Q: 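Quick one: the structure is below, questions incoming.
Start at 1 and go down the list; that is how both ligands and their atoms are numbered. Just so we're clear, the structure is a prediction, and the values are computed from it rather than from any experiment.
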Amino acid sequence: MKNLANQSNKPANEAEMEAAAAKKIREVTLIYVPIFIGGRHRGAGMGPAALRVAELPEQIEKLGFTVINEIEISQPPAACWYEEVTKKSRCLPEIAQVSEDVARAVKDAMAAGSIPITIGGDHSLAIGSISGVSSYYRERKERFGLLWFDAHGDINTPDTSYSANLHGMPLAISLGKGEESLTQLCGFSPKVEGKRSVLIGLRDVDPPEKDLIRELGIHAFTMRDIDHLGMGRLSELALELVGKDISGIHLSFDIDVMDPEIAPGVTTVAPGGMSYREAHLALTMLAETGLVRSIDFVELNPARDIRNRTAELAVDLIKTSLGHKIM
Ligand SMILES: [Mn+2]
């Protein structure tokens with residue numbers, strides 16, 4: 001005879017998952033930010049166009065979401081980018097301007113009840129998107145966690161950066177370290193705490209970045225950890241570490257975390273990256289929490305891509321982040 005008690009008592013996490021799915025937001029705002037002045041290759045500016053060629057909005061709608069708005073935030077004239085680098089942060093006022101615009105757009109999209117997906121462009125746009133996300137939760141006296149997929153630490157400061165490129169600094173800035181005009185965006189700092197921040201996929205980290213990761217108490221999983229633990233176990237750990245007392249998770253996904261064999265269309269190539277299956281498993285498990293409330297997808301560089309393959313991969317990964325499943 002069947003155990004009826006077991007049938008009515010679903011495992012707690014399954015019940016929680018169903019509840020999360022029931023209240024799931026079904027609206028998306030796409031915020032295109034074709035910015036390249038935070039990095040060192042113009043091609044990053046073509047990322048949004050390549051994702052539209054790969055039918056990003058249409059694919060999102062096929063999942064049952066409504067794209068309620070598509071916004072483009074353009075970067076100021078890029079004269080700063082051609083000047084000889086004499087400062088510690090290249091194009092600082094220009095990026096501060098873009099960050100302010102991105103922060104406002106992201107916060108407005110969340111307040112309107114949609115999931116903002118900010119499409120890069122280089123990773124400096126996360127300075128703005130995380131500011132917008134953080135302002136949104138701050139006004140509601142709620143907390144959020146940060147999952148940052150990247151081959152690199154992105155946690156340099158003006159004093160440690162070799163290149164002065166701001167796309168190597170957005171995580172540091174979000175945690176309150178760096179140029180004041182950026183850390184103080186929206187009038188407060190830090191935007192997120194180290195203990196609620198998890199880095200995944202690291203394999204190219206500068207020595208001062210390692211020090212700052214430790215100092216700020218950020219949870220960091222390298223490719224070695226992925227190989228050793230497996231992505232399933234690692235994702236469970238990451239989702240525990242990001243916090244229990246949070247209302248949402250911000251996903252900041254740098255496409256260079258993927259192995260360059262399958263994602264050649266990036267600026268800062270680092271061999272030995274995540275496989276197609278590892279990335280989809282991590283993002284599926286993240287989506288199953290029902291907590292994904294805001295997303296960045298950055299650093300696609302179509303000038304380095306092969307037949308838009310990396311853009312198509314990015315569209316697949318965005319769909320999985322929104323909850324697309326095999327079954
Ligand atoms: Mn990055």
Q: Taking 2.8 Å as the upper limit, name the protein N, O or S atoms near the Mn ion (ligand 1).
A: H123 ND1, D150 OD2, D154 OD2, D254 OD2
Q: When you compare the side chains of H167 and E299, does any donor N or O come within less than 3.5 Å of an acceptor on the partner?
A: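 A donor-acceptor contact under 3.5 Å links the two side chains.
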Q: If the condition is side-chain contact (heavy atoms from CB on, under 4.5 Å), which residues does E236 pass it with, not counting sequence neighbours?
A: R233, M285
Q: Output, in order, the C-alpha distance, side-chain angles, deciding distance and verdict of salt bridge (Lys or Arg N to Asp or Glu O under 4.0 Å) for E72 and R52.
A: CA-CA 12 Å; E72 179 155 327; R52 274 178 279 193; 3.1 Å; yes
Q: Show every salt bridge (Lys or Arg N to Asp or Glu O under 4.0 Å) that has at least one partner inside residues 150-175, sequence neighbours left out.
A: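 Those involving residues 150-175 are K88-D159.
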Q: Looking only at side-chain N and O atoms, does Y162 offer a donor or acceptor that is under 3.5 Å from a partner on D206?
A: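 Y162 and D206 do not have a side-chain donor-acceptor pair below 3.5 Å.
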Q: Of all residues at least two apart in sequence or in a different chain, which pass the ring-ring contact (aromatic ring centres under 6.0 Å, His included) check with F253?
A: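 So F253 forms a ring-ring contact (aromatic ring centres under 6.0 Å, His included) with F149, F297.
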